[in-house]
Amino acid sequence: MPTREPARPHRRSVAARPSGRGDPARVPARRRAADVLAGLGALVVLVALVGGVPYALLRFVGPPVGPALTDLDVLTGSVGPSTIIAVLVLLVWLAWFQLFLCVVVEVYAGVRRVGMPARVPLSGGMQLVANKLVSAVLLLFTAGAMVVPIAKLTPVPVTPQVAPVAYSAPLVEQAQEIQKTKKVYVVQPPHGRHHESLWEIAEKCLGDGRRYHEIYKLNQAKEQPDGSRLRMADLIRPGWVLDMPDDAKNAHVVPAGQPRAETLREHPGRVDVAPGSVQEQVSDQAERQAEKREARHRLPEQRAGQGGREQATEVREAQGADLTDYLAGASLAAAGLLLVLARRRREQLWRRVFGRRIVRPRDDAAQAEVALRLGGDAPGARVLDIGLRHLGAELAAQQRTPPTVYGAHLSARTLDLWIHPPDDAPPVPWTATDGGQIWRLPAHEGRLLPDRRTSGAPYPGLVSIGTDAGGRVLIDLEAAQGLINVRGPQTTAALAALAVELATNLWSDSMRVTLVGFGAELTAIAPDRIRAVGSLAEVLGELEADAAPREQVLTGRVTGSPRRAHYLLSAVAPTHEEARRLALLARRDTAGYVVAGDVPHATWTLEIGDDGTARIAELGFEVRAQLLPRRHYRALVDLFRTAGRLDGEPVSDPEPLEGVDPPAVEIRILGPAEVAGLPPMEEGRMELATEMLVYLATHRGGVHPVVLGGVLWPRGVEDAVRDTTIARVAEWLGVRRLLTDAAGRLRLSPEVRTDWALFRELVRRSHHDPAGRAALLERALGLVRGPLLAGRRPGGYAWLAADDLEYDVSAGVADAAQELCEIRLANGQPDAAVAAVRQALLLAPDDEALWRDLLRATHATDDTVRLRAVVEGLDRRASSHPYGGGMAPETEALIQELLPTWRIHVVRESSA
């Protein structure tokens with residue numbers, strides 16, 4: 001069998017992040033001669049501008065408002081040269097006054113150390129000039145000052161990032177003189193998929209990731225224990241010994257002349273300073289002084305910023321960054337899980353009662369859904385599904401037996417199948433490469449293929465083992481024709497990942513996955529596909545009785561007489577006799593057998609390393625493993641158990657509005673996302689800015705910038721990018737519409753409102769106004785334009801999975817429509833009732849109660865043709881629904897009551 005090796009991922013550390021233009025710049029504590037000269041020059045210029053300019057204007061030109069402007073005849077008479085000169089003088093005075101304000105603002109910000117200076121309206125580059133001059137002057141009087149450039153100003157007070165105060169020079173010099181030591185940091189081995197970077201080391205040891213360049217300069221081109229040298233700031237290796245600045249924490253203290261290799265031998269692990277040692281005393285003393293100095297200079301808003309960082313850390317820990325790392329990374333499994341989850345949600349909506357919403361997930365379960373939404377690759381899953389079914393159908397038409405596919409590679413550009421034996425004549429649009437060993441389907445061709453889900457699925461055993469640098473690597477469990485052995489410390493996590501993808505994939509039909517020794521809870525995800533047993537002895541006899549030859553099974557799948565696929569995943573190592581029987585069974589059966597433990601004579605061995613690398617030496621595959629650790633496993637189980645609850649929960653209480661007049665800025669979410677009342681933002685920035693406003697507008701209590709960053713960029717973002725984006729949105733909104741409270745949280749002013757808030761207020765008022773109830777409900781439903789936030793950007797709004805909004809909106813709109821429908825029917829207005837329900841169906845098309853209301857309202861029109869059209873449309877929709885499931889039993893019963901002949905009519909049409 002050919003063993004073609006896919007591209008392997010290039011392992012490197014996370015790139016160190018450069019400082020943003022708006023970041024605080026660290027000024028050396030000791031002033032140089034150039035700094036003194038620059039400061040003196042800046043002082044002279046400032047004095048000339050602030051004092052000399054008004055003196056010269058008063059002496060040679062006159063006051064700001066001269067006699068030519070105070071004469072009322074200037075408004076009616078002709079404009080002469082004296083009037084023009086007077087206007088020009090006034091403009092010069094205004095320009096000087098604006099410069100004076102800029103200087104005052106910059107001096108206040110520099111002296112009080114408030115971080116980002118306030119923005120002077122219409123100042124433009126003038127404030128930048130004032131910033132440079134004042135900064136240079138302040139260097140004459142302050143050491144270790146914080147200079148904040150204003151290259152990108154923000155109209156809202158963004159919480160400043162306080163750089164750690166360096167330890168006093170005498171203390172460090174005294175310690176070095178006594179001990180003749182230096183501080184070093186040993187780069188740690190990767191933990192799972194996480195590699196250290198200079199940025200993270202700077203955050204850990206220096207308190208500020210933006211100081212990574214100091215570490216880089218100290219170590220640039222110096223030889224490391226492995227003989228290599230630091231050439232790039234974003235590429236470091238485990239085992240390197242990095243020299244650190246004197247104020248570093250969490251570092252080793254070693255003799256100044258000690259070779260790096262010797263340091264690594266003495267300190268292979270993390271920092272472990274002996275209690276009571278001189279190094280500990282020096283370090284503790286320096287740290288205490290630094291902490292006192294920092295505490296003395298920290299302002300209330302800076303302390304709020306620190307609280308925000310702590311809050312963000314708690315949020316990240318609660319969300320579990322690894323939930324995103326693993327679940328979002330399993331893109332094909334995520335797509336299948338989301339489809340199954342959507343089917344469960346549709347069944348929940350069948351039984352939703354008035355006034356209650358379906359139960360939403362919480363905690364890890366909610367974050368698991370966020371990760372699935374982030375990572376789900378529905379287009380890729382469709383290419384794999386339709387491409388394989390099309391391939392099988394074309395081969396069947398040519399009376400050819402499908403080849404053995406032992407592996408596949410799915411990328412954004414192509415789907416490759418590694419086949420055996422080689423064949424250079426695949427059906428179009430597939431092409432052959434590498435002498436017929438690879439059949440390739442370009443992704444753009446796969447997207448154009450018609451939906452052939454009625455065709456058989458020839459390769460249901462294809463399942464992801466992980467990703468390489470180019471895409472996702474899959475193996476066909478059936479192609480081994482023998483046992484597949486899984487080894488390593490993360491065996492169960494690997495088996496769980498295989499089980500979940502097998503049970504939810506799109507490219508299979510009838511399937512049974514038997515789990516041995518694990519996974520009983522996974523039946524909550526796919527009870528019709530997954531079963532769990534305690535031992536191999538319980539299923540061996542059944543498997544032997546159902547064995548069937550491979551060629552017969554493959555031919556049956558593509559010709560329309562498929563046999564149920566069966567895969568065994570065992571976390572229990574087989575006994576010698578069980579292994580023998582399984583091996584004999586695997587050679588004559590078309591199934592997949594994956595077992596843990598040390599199994600002799602396995603066809604393939606999947607080795608899972610401590611670093612998360614998966615290798616199959618027999619196939620030449622080496623990838624980043626797809627795993628489902630215990631926490632993720634439990635989160636998925638909780639998510640699907642929640643989706644199985646039919647009791648519902650109360651809808652969140654609305655917050656009353658003072659008025660229902662149009663706001664200055666309206667954020668429309670009851671349909672495609674829109675922002676009314678503001679000019680369009682530049683292309684490429686509008687979608688993210690709109691999502692930020694949607695989140696802020698639906699969380700009126702305020703959101704800390706760090707938390708907001710985690711919501712909008714769940715995979716991570718640099719502080720500078722986040723802050724610049726917030727500043728850009730604040731400028732777009734206008735003055736005083738994006739506010740910051742004392743705790744550093746961002747919130748929108750009452751001038752900014754969503755159409756959903758108006759909808760809820762109108763519905764609330766309708767409950768207190770019987771006379772105007774129908775009109776208020778009709779006005780509320782008139783705000784609905786389509787599905788909630790229709791046309792979302794790819795990967796955007798994943799936070800909705802962990803928020804009440806999506807659940808409240810669907811239930812609220814449906815309930816309002818039901819209320820209005822009842823009122824209109826009671827008043828003998830069936831057409832108005834139909835219109836109300838159809839309006840709500842734009843947003844909540846899966847709420848089966850709305851369809852029943854539509855049937856009743858249409859029946860009330862006494863138009864049988866119209867009713868039949870609604871029934872037929874509902875039947876077509878249910879039969880072709882992407883989530884499947886048909887119609888709710890209550891809906892079928894209502895149709896039978898209102899239109900008893902509809903099924904007879906459908907049968908006659910199908911017969912004809």
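Among all heavy-atom pairs drawn from Pro460 and Leu502, the shortest one is O-CD2, 4.0 Å. Of all the heavy atoms in Arg472 and Ser464, the pair that sits closest is CD-OG, 3.2 Å. Shortest non-hydrogen contact noted between Val405 and Asp476 is O-CB, 2.9 Å. Across every non-hydrogen atom of Gly466 and Val623, the tightest pair is CA-CG2, 3.9 Å. Taking every heavy atom of both residues into account, Val539 and Arg531 meet most closely at CG1-NH2, 3.8 Å. When all heavy atoms are compared, the tightest approach of Ala520 to Thr523 is O-OG1, 2.9 Å.
For Arg373 and Glu369, the salt-bridge test passes: some basic side-chain N is under 4.0 Å from an acidic carboxylate O. Under the 4.0 Å criterion applied to side-chain N and carboxylate O atoms, Arg581 and Glu578 are not assigned as salt-bridge partners. A salt bridge is absent between Arg260 and Asp226: the closest approach of a Lys/Arg side-chain nitrogen to an acidic carboxylate oxygen does not fall below 4.0 angstrom. Salt bridge Arg400/Asp423: present, at least one basic N to carboxylate O contact under 4.0 Å. Taking a cutoff of 4.0 Å between a charged side-chain nitrogen and a carboxylate oxygen, Glu607 and Arg615 do not qualify as a salt bridge. Using a cut-off of 4.0 Å between Lys/Arg side-chain N and Asp/Glu carboxylate O, Arg624 and Asp468 are scored as not salt-bridged.
A donor-acceptor distance shorter than 3.5 angstrom exists from the side chain of Ser570 to the backbone of Val572, with no hydrogens or angles considered. No donor-acceptor pair under 3.5 Å is formed between the side chain of Glu622 and the backbone N or O of Thr613. Judged purely by atom type and a 3.5 angstrom limit, Arg631 has no side-chain atom pairing as donor or acceptor with the backbone of Asp364. A donor-acceptor contact shorter than 3.5 Å links the side chain of Gln224 to the backbone of Val241. A donor-acceptor pair under 3.5 Å is absent between the side-chain atoms of Asn485 and the main chain of Val594, judged by distance alone.
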Pair Glu544-Leu584, side chain to side chain contact (heavy atoms under 4.5 Å, CB included): steps then yes or no: CA-CA 9 Å; Glu544 290 170 332; Leu584 291 173; over 6 Å; no
Check against salt bridge (charged side-chain N to carboxylate O under 4.0 Å, His left out), Glu223 and Arg229: CA-CA 5 Å; Glu223 186 173 357; Arg229 300 174 186 271; 3.8 Å; yes
Criterion side chain to side chain contact (heavy atoms under 4.5 Å, CB included) on Val463 and Asn505, from CA distance to verdict: CA-CA 8 Å; Val463 64; Asn505 72 37; over 6 Å; no
Derivation and outcome, salt bridge (charged side-chain N to carboxylate O under 4.0 Å, His left out), residues Glu394 and Arg389: CA-CA 9 Å; Glu394 291 299 310; Arg389 292 179 188 272; over 6 Å; no
Val595 vs Val486, side chain to side chain contact (heavy atoms under 4.5 Å, CB included): CA-CA, chis, key distance, verdict: CA-CA 6 Å; Val595 294; Val486 181; over 6 Å; no
Pair Met511-Tyr567, side chain to side chain contact (heavy atoms under 4.5 Å, CB included): steps then yes or no: CA-CA 8 Å; Met511 178 191 292; Tyr567 305 103; 3.9 Å; yes
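Remark: of the listed residues Leu522, Leu568, Leu569, Leu569 is the sole one forming a side chain to side chain contact (heavy atoms under 4.5 Å, CB included) with Val513.
Under the rule for a salt bridge (Lys or Arg N to Asp or Glu O under 4.0 Å), Glu538 has no partner lying at least two apart in sequence or in another chain.
Taking CD of Gln490 as the reference point, atom CG of Leu495 lies at 12.0 Å (rounded to 0.5 Å). One distance of note links CG of Leu462 with CG of Leu410; it measures 10.5 Å at 0.5 Å rounding. Atoms CG and OG1, on Leu636 and Thr504 in that order, are 9.5 Å from each other to the nearest 0.5 Å. To the nearest 0.5 Å, atoms OG1 (Thr467) and CD (Gln626) are separated by 8.5 Å. Distance check, rounded to the nearest 0.5 Å: CG of Leu449 to CG of Leu441 gives 6.0 Å. Atom CD1 of residue Ile616 and atom OG1 of residue Thr603 lie 11.5 Å apart, to the nearest 0.5 angstrom.
Contact check for Trp507 versus Leu332: side-chain heavy atoms found under the 4.5 Å cut-off. In this structure, Leu606 and Thr491 have side chains that are not in contact, with every pair of non-hydrogen atoms separated by 4.5 Å or more. Put simply, the side chain of Ser411 does not reach to within 4.5 Å of the side chain of Asp416, judged on heavy atoms. In this structure, the side chains of Gln437 and Pro421 stay at 4.5 Å or more apart for every pair of heavy atoms. In this structure, the side chains of Ile484 and Tyr593 stay at 4.5 Å or more apart for every pair of heavy atoms. Looking at Arg413 and Pro442, their side chains never come closer than 4.5 Å, going by heavy atoms from C-beta outward. Contact check for Trp439 versus Pro427: side-chain heavy atoms found under the 4.5 Å cut-off. No side-chain heavy atom of Arg237 sits less than 4.5 Å from a side-chain heavy atom of Val187.
Taking the six-membered ring for Trp and thresholds of 30 and 60 degrees, Trp418 and Tyr406 have nearly parallel ring planes, at less than 30 degrees apart.
Around atom CD of Glu542, more than 12 heavy atoms belonging to other residues, nucleotides or ligands sit under 6.0 Å away. Within a 6.0 Å sphere centred on CZ of Arg362, other residues, nucleotides and ligands contribute more than 12 heavy atoms.
Pairs engaging residues 633-642 under the side chain to side chain donor-acceptor pair (under 3.5 Å) rule: Glu521-Tyr633 [sequence neighbours left out].
Side-chain contact check for His566 and Thr514: at least one donor-acceptor pair (N or O, by modelled atom type) lies under 3.5 Å.
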